[in-house]
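The structure appears right after this line, and notes come after that.
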Amino acid sequence: MSGLIDFSQPSLWVSAASIAFNPAFWNTAARQEYHNKVITKLFRGNRLYGCYALAVTIFTIGIIRDSIYERALRSQPTHPLLAGPTSTYIAYGLIAAGNVLVLSSMWALGVTGTYLGDYFGILMDHKVESFPFNVTDAPMYYGSTLSFLGYALWMGKPAGILLTLEVLLVYRIALSYEDPFTAEIYAKREREERQAGKKRS
Ligand SMILES: *[C@@H]1O[C@H](CO)[C@@H](O)[C@H](O)[C@H]1NC(C)=O
């Protein structure tokens, strides 16, 4: 096992920390918004601007996380098994598939749908079930995970595979918080609409 991953490199730990930080940050921010309207208040009550600001922030810390990851991998040992052409082709496939999932999901959801708009009270009219949501419930998260794995193989770094497992783990934890929460937001709207319907009739 020794020699596969150089745990003495501080950049490895910085990367691990930024991978864990990102979903923790946006879940905390989104919940603060939902319960206390923290972000909307910063934008003088304009929830759309608030959501855009959160989108830009999440996007930016994503780019920072990705560049930290890349830098961390550069100071890690390369494994010959991961360095061959087969591995490179698989890497291209994974990165392509990951990007298709992420980009098509953003296209289907729009900015507010992608970046936690429902916590701001900006709800989608309908649950999106078209591609890529007919492939996976969380194309953003699984697409991002595939890209991480792809870069690990592309650079031939076992450390990248370990960090990808961490990405998967923190996304699974994030989903276990987000899924029930958004389900409840939409269930609440449905109850309110039913209530309003009763009053009208
Ligand atoms: C999902 O939808 C796309 C486009 O509508 C279609 O090509 C694809 O076969 C569907 N996939 C599954 C697993 O249903």
Side-chain angles (χ1 to χ4, degrees), residues 19-20 22-27 29-31 34 47-48 51-52 54-63 65-66 69-70 81-82 84-157 160-191 193-194:
I19 286 169
N22 282 18
F25 165 78
W26 71 63
N27 265 289
R31 270 162 197 253
Y34 184 76
R47 62 188 180 187
L48 196 58
C51 187
Y52 285 155
L54 181 62
V56 170
T57 309
I58 293 175
F59 191 79
T60 307
I61 63 174
I63 289 175
R65 174 196 60 182
D66 295 351
Y69 173 70
E70 206 231 297
L81 265 185
L82 299 180
T86 315
S87 176
T88 308
Y89 289 131
I90 296 173
Y92 286 146
L94 289 171
I95 294 169
N99 282 325
V100 166
L101 285 180
V102 168
L103 294 175
S104 61
S105 146
M106 288 179 81
W107 178 256
L109 294 178
V111 173
T112 57
T114 300
Y115 293 104
L116 305 160
D118 26 20
Y119 291 73
F120 289 79
I122 308 167
L123 303 194
M124 309 281 294
D125 291 337
H126 303 284
K127 190 168 190 269
V128 179
E129 278 163 352
S130 57
F131 183 83
F133 291 89
N134 65 349
V135 181
T136 156
D137 282 344
M140 209 68 196
Y141 284 160
Y142 292 121
S144 164
T145 307
L146 290 181
S147 296
F148 271 93
L149 184 60
Y151 279 109
L153 293 187
W154 189 49
M155 297 179 73
K157 309 288 189 178
I161 297 177
L162 183 67
L163 288 171
T164 300
L165 287 175
E166 188 202 351
V167 170
L168 183 62
L169 177 72
V170 298
Y171 282 164
R172 296 293 295 245
I173 294 171
L175 282 170
S176 76
Y177 282 95
E178 287 166 23
D179 281 348
F181 205 78
T182 40
E184 173 50 27
I185 292 174
Y186 282 89
K188 185 164 169 258
R189 175 176 72 175
E190 203 162 292
R191 283 196 300 273
E193 282 173 357
R194 218 174 300 139

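Atoms within a ligand are numbered from 1 in the order they appear, just like the ligands themselves. Computation of the quantities below employed the complete heavy-atom set of this structure, encompassing side-chain atoms and omitting hydrogens, waters and symmetry-equivalent molecules.
Remark: atom 11 (N) of ligand 1 lies closer than 4.0 Å to at least one protein heavy atom. For atom 7 (O) of ligand 1, no protein heavy-atom neighbour is present inside the 4.0 Å cut-off.
Looking at atom 2 (O) of ligand 1, its nearest protein heavy atom turns out to be Asn134 ND2, 2.3 Å. At the top of the distance list for atom 4 (C) of ligand 1, counting protein heavy atoms only, stands Phe131 CB, 4.0 Å.
Side-chain atoms of Tyr119 and Glu178, non-hydrogen and from C-beta on, do get closer than 4.5 Å to each other.
The side chain to side chain contact (heavy atoms under 4.5 Å, CB included) with Phe59 is formed by just one residue from the set Ile63, Ile61, Val56; it is Ile63.
For the atom pair CZ (Arg65) and CD1 (Ile19), the distance works out to 7.0 Å, reported to the nearest 0.5 Å.
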One pair to check against side-chain hydrogen bond (donor to acceptor under 3.5 Å, both in side chains): Tyr171 and Thr145. What are the steps and the verdict? CA-CA 9 Å; Tyr171 282 164; Thr145 307; 5.9 Å; no
